[in-house]
Amino acid sequence: VQLQASGGGLVQPGGSLRLSCAASRSILDGYAIGWFRQAPGKEREGVSCIGSTTGSTHYTDSVKDRFTISSDNAKNTVYLEMHNLKPEDTAVYYCAADKHRYDARYYCHMRPSYAAGWGQGTLVTVSS
């Protein structure tokens, strides 16, 4: 499945953005999906994921209560709503999906170690 992330941009601290991840076909049946980010000089990390086993969600601690992951079955799109953005949220954001039985937390922790399947990403810059 091919994925295209979009929606990034420049936003002031405290602002909001919504990222979109458009899939070439349905990724909501049997796929673990998630948003990941890589800040300059840092390793890629899992931000938020939806597991393929129960549909549960996972958020990394630094974004809890600020970010929300959701999906639109009809549009084959996964979203990441981001509020109260902070300068440390600045990064290139990527989406990924894998047809495998993963729970959300495991997928978020494991997927960054993959070398392939990352697409172009979308840049989020939080700065005044």
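Keep in mind that this is a model prediction, so the values were computed, not measured.
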- How long is the gap from CD on Q4 to OG on S24, to the nearest 0.5 Å? 11.0 Å
- Query: Are Y93 and Y107 connected in the hydrophobic side-chain network, where two residues link if heavy atoms are under 4.5 Å apart?
  - Reply: no
- Task: Give every residue pair that meets the disulfide (SG to SG under 2.5 Å) criterion with at least one member in residues 99-128, sequence neighbours excluded.
- Result: C49-C108
- Message: Below 30° counts as parallel, above 60° as perpendicular, anything between as tilted: where do the rings of Y106 and Y102 land?
- Response: tilted
- Item | Straight-line distance of T77 OG1 to L3 CG, nearest 0.5 Å | 10.0 Å
- Item | R44 side, atom CZ; R111 side, atom CZ - distance, nearest 0.5 Å | 8.5 Å
- Message: Show, in sequence, the C-alpha distance, side-chain angles and deciding distance for Y94 and T122, and conclude whether the side chain to side chain contact (heavy atoms under 4.5 Å, CB included) test is met.
- Response: CA-CA 7 Å; Y94 302 87; T122 186; over 6 Å; no
- Message: Taking CD in E81 as the centre, count heavy atoms belonging to other residues, nucleotides or ligands within less than 6.0 Å. Is the count above 12?
- Response: yes
- Message: For E88, I'd like to know if atom CD has over 12 heavy atoms of other residues, nucleotides or ligands within 6.0 Å.
- Response: yes
- Task: Go through the steps for Q38 and E45 under the test side chain to side chain contact (heavy atoms under 4.5 Å, CB included), then give the verdict.
- Result: CA-CA 6 Å; Q38 187 165 20; E45 66 169 343; over 6 Å; no
Side-chain donor-acceptor contacts of residues 6-18 below 3.5 Å, not counting sequence neighbours, with atom names and distances?
residue	atom	partner	partner atom	Å
S16	OG	H83	ND1	2.8

- Message: Any salt bridge linking D89 with K86? Criterion: basic side-chain nitrogen under 4.0 Å from a carboxylate oxygen.
- Response: no
- Message: Just verifying a value: how many Å separate F67 CZ and T57 OG1, rounded to the nearest 0.5 Å?
- Response: 14.5 Å
- How far apart are the C-alpha atoms of S70 and V78, what are their side-chain angles, what is the distance that settles it, and do they pass the side chain to side chain contact (heavy atoms under 4.5 Å, CB included) test? CA-CA 6 Å; S70 63; V78 179; over 6 Å; no
- Item | Between OH on residue Y114 and CZ on residue F36, distance to nearest 0.5 Å | 9.5 Å
- Item | R66, CZ atom: more than 12 neighbouring heavy atoms under 6.0 Å | yes
- Atom NZ of K75 with >12 non-hydrogen neighbours under 6.0 angstrom: no
- Determine whether Y59 and W35 fall in the same hydrophobic cluster, where Ile, Leu, Val, Met, Phe, Trp and Tyr are linked whenever their side-chain heavy atoms lie under 4.5 Å apart. yes
- Qualifying residues under salt bridge (Lys or Arg N to Asp or Glu O under 4.0 Å), relative to D103, sequence neighbours excluded: none
- Item | Polar side chain donor-acceptor pair, S127 to T125, under 3.5 angstrom | no
- Does I69 reach the side chain of Y79, with side-chain heavy atoms less than 4.5 Å apart? no
- Task: Verify whether one side chain among D98 and Y31 offers a donor that lies under 3.5 Å from an acceptor in the other.
- Result: no
- Nearest-0.5 Å distance that lies between atom CD1 in I33 and atom SG in C21: 7.5 Å
